[in-house]
Trainee: 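This structure is in structure tokens; I'll ask about it shortly.
The figures that follow rest on heavy atoms only: side chains count, while hydrogens, waters and symmetry mates do not.
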Amino acid sequence: MRVRPRRNRARPAIRELVRETRLVPSDLVLPLFVQEGEGETPIASMPGHARLSIDRLVHRSREALGLGVPAVALFPALAEELKDPRGSQSTKPDGLLPRAVRALKRELPELLVLTDVALDPYSSDGHDGVVIGGRIDNDETLPLLAAMAVAQAEAGADLVAPSDMMDGRVGAIRDALDRAGFGEVGICSYCCKYASAFYGPFREALDSAPRAGDKKTYQMDPGNAREALRELALDEAEGADWVMVKPGLPYLDVVRAVREHTSLPVAAYHVSGEYAMLRAAAANGWLDYEACLMESLLALRRAGADILFTYGAIDAARILRGR
Ligand code: PBG
């Protein structure tokens with residue numbers, strides 16, 4: 001036989017040399033949940049993750065940074081009594097999230113801090129936008145998102161990350177940031193975010209499931225890929241600095257399509273349900289968590305993602321560094 005593909009797989013050194021896609025800790029963003037008070041509250045469906053007090057958040061972020069993970073993405077877990085229909089806590093300068101951002105920036109100035117822009121952690125309706133007469137009102141929501149982003153920028157966020165899927169929000173946020181003097185704060189847009197059942201554990205973590213209805217009037221239909229390119233074009237025109245596809249593995253085709261249609265950095269979010277599946281199978285002895293995590297992340301890179309949001313960021317960085 002003249003042609004033997006196996007020759008390029010024969011030894012570890014050859015496999016290293018011919019490998020097309022690599023994963024490094026600096027590809028990773030670690031999502032973290034923050035809560036008031038002391039200590040931490042475990043999240044049953046996300047073993048290894050908990051709602052962290054601000055001091056524990058700093059501790060965990062320091063661990064990630066020490067392993068070469070450059071960024072964290074923050075989500076606040078608010079007490080029910082602080083939630084209201086317009087998510088008014090989200091613009092308070094001394095709210096939980098701004099205090100968490102300030103603590104991280106003080107203790108770990110070189111860490112990149114991303115903050116989530118959407119109403120759901122703050123909303124008594126559990127929706128990403130304002131609910132008016134049973135509908136999610138797009139245009140009433142935009143100024144609230146813009147004000148939230150400015151409050152986060154004031155606290156020191158490096159990039160704000162709108163995950164709400166309201167039309168026009170990237171532009172509204174960009175304008176508000178610029179007007180407030182935050183021209184250097186970036187926007188990581190959850191550009192192609194699908195109405196996915198894989199967000200279940202995240203909603204448990206924040207107790208943020210919609211109180212009525214679902215998110216299908218704003219998040220994308222899982223059957224649609226062409227529509228992702230439409231969202232991409234809009235977010236680019238409105239000033240997004242990074243674009244994201246979410247969830248991850250079930251949407252590799254979308255990651256690839258977005259990669260081929262933009263020169264912006266593309267992120268993919270290996271979401272809470274994807275993480276929970278690996279942990280649950282591993283807890284049963286059915287899968288090897290570490291091997292499956294690394295394979296999942298590599299697949300997202302291969303599909304074209306530059307930046308990977310993963311709850312396994314610390315585990316992956318440890319594995320990559322042989323620790
Ligand atoms: C909501 C938001 C969600 C996630 C990030 N931001 C859930 C949702 O849309 O209900 C999900 C992340 C995950 O599942 O890991 N703005």
Side-chain angles (χ1 to χ4, degrees), residues 28-61 63-64 69 71-83 87 89-90 95-101 104 113-128 148 152 161-165 188 190 193-211 214-215 219 244 246-248 268-283 289 293 296 308-316:
L28 307 174
V29 177
L30 173 65
L32 291 170
F33 303 103
V34 58
Q35 69 177 8
E36 290 288 0
E38 313 248 299
E40 56 185 70
T41 310
I43 303 159
S45 54
M46 299 184 72
H49 275 267
R51 302 173 173 193
L52 305 172
S53 60
I54 291 179
D55 57 326
R56 294 208 181 184
L57 175 79
V58 171
H59 187 263
R60 185 65 54 82
S61 304
E63 186 185 359
V69 175
V72 296
L74 302 184
F75 299 95
L78 259 66
E80 203 53 43
E81 58 273 17
L82 288 177
K83 299 183 182 181
Q89 278 295 320
S90 69
L96 172 61
L97 189 75
R99 273 183 285 122
V101 174
L104 286 172
V113 178
L114 279 70
T115 48
D116 185 64
V117 179
L119 238 53
D120 54 317
Y122 311 94
S123 156
S124 45
D125 293 304
H127 277 288
D128 295 28
M148 188 186 312
Q152 295 171 351
S163 68
D164 54 283
M165 289 302 280
C188 163
Y190 286 63
K193 175 169 175 184
Y194 286 87
S196 171
F198 287 102
Y199 307 148
F202 175 97
R203 293 177 189 171
E204 183 203 330
L206 295 190
D207 195 13
S208 64
R211 307 301 186 248
D214 54 41
K215 299 193 175 185
Q219 298 179 347
M244 188 200 285
K246 177 181 177 199
Y269 201 139
H270 186 251
V271 299
S272 59
E274 299 178 78
Y275 174 78
M277 288 196 296
L278 296 185
R279 286 291 196 186
Y289 166 73
L293 174 70
S296 302
L308 306 176
F309 285 58
T310 170
Y311 298 96
I314 287 182
D315 305 323

Trainee: Where is the tightest heavy-atom contact between Pro201 and Ser45, given as atom of each residue plus distance?
Mentor: CB-OG, 3.2 Å
Trainee: Can you list every pair that meets salt bridge (charged side-chain N to carboxylate O under 4.0 Å, His left out) and has a residue in residues 268-279, with sequence neighbours left out?
Mentor: Arg279-Asp315
Trainee: Can you find a pair of side-chain heavy atoms, one from Phe33 and one from Met46, that are under 4.5 Å apart?
Mentor: yes
Trainee: Please identify each residue that fulfils side-chain contact (heavy atoms from CB on, under 4.5 Å) with Glu80, with sequence neighbours left out.
Mentor: Lys83, Asp207, Arg211
Trainee: Indicate yes or no: at least one non-hydrogen side-chain atom of Leu97 is less than 4.5 angstrom from one of Gln152.
Mentor: yes
Trainee: Quick one: pull up CZ in Arg56 and CZ in Arg51 and give me the separation to the nearest 0.5 Å.
Mentor: 15.0 Å
Trainee: Look up atom CG in Leu104 and atom CG in Leu57, then write down how far apart they are to the nearest 0.5 Å.
Mentor: 4.5 Å
Trainee: Are Leu119 and Met148 side-chain neighbours, meaning at least one heavy-atom pair lies under 4.5 Å?
Mentor: yes
Trainee: Distance check, rounded to the nearest 0.5 Å: Leu32 atom CG versus Ile314 atom CD1?
Mentor: 7.0 Å
Trainee: Do you know the tightest heavy-atom contact between Ala100 and Ile54?
Mentor: N-CD1, 3.8 Å
Trainee: Sequence neighbours excluded, which residues qualify as ring pair (Phe, Tyr, Trp, His ring centres under 6.0 Å) partners of Tyr275?
Mentor: His49, Tyr311
Trainee: Only counting residues at least two apart or in another chain, list the ones meeting salt bridge (Lys or Arg N to Asp or Glu O under 4.0 Å) with Glu36.
Mentor: Arg99
Trainee: Once the angle between the rings of Phe75 and Phe202 is folded into 0 to 90°, is it parallel (under 30°), tilted (30 to 60°) or perpendicular (over 60°)?
Mentor: perpendicular
Trainee: Please determine if Lys193 forms a cation-pi arrangement with Tyr199, meaning its NZ or CZ atom is less than 6.0 Å from the six-membered ring centre and no more than 45° off the ring axis.
Mentor: yes
Trainee: How close do Gln89 and Gly95 get, heavy atom to heavy atom, and via which atoms?
Mentor: OE1-CA, 4.4 Å
Trainee: Taking all atoms of both residues into account, what is the closest heavy-atom pair of Cys188 and Pro162, and its distance?
Mentor: O-CD, 3.3 Å
Trainee: For the residue pair Glu40 and Arg60, what are the closest heavy atoms and their distance?
Mentor: OE1-NH2, 4.4 Å
Trainee: Taking only residues two or more places apart in sequence, or in another chain, which ones meet Asp125 in a salt bridge (Lys or Arg N to Asp or Glu O under 4.0 Å)?
Mentor: none
Trainee: Can a donor-acceptor pair be found, under 3.5 Å and without considering hydrogens, that links the side chain of Glu204 to the backbone of Ala44?
Mentor: yes
Trainee: Rounded to the nearest 0.5 Å, what separates atom CZ in Phe198 from atom NZ in Lys246?
Mentor: 13.0 Å
Trainee: Could you list the residues that satisfy side-chain contact (heavy atoms from CB on, under 4.5 Å) with Ala118, not counting sequence neighbours?
Mentor: Asp116, Asp120, Asp128, Ser163, Asp164
Trainee: To the nearest 0.5 Å, how far apart are CG in Leu114 and CE in Met244?
Mentor: 7.5 Å
Trainee: In Å, rounded to the nearest 0.5 Å, how long is the span from OG of Ser61 to CG of Leu30?
Mentor: 7.0 Å
Trainee: Which atom names give the shortest non-hydrogen contact between Ala313 and Val29, and what distance separates them?
Mentor: CB-O, 4.2 Å
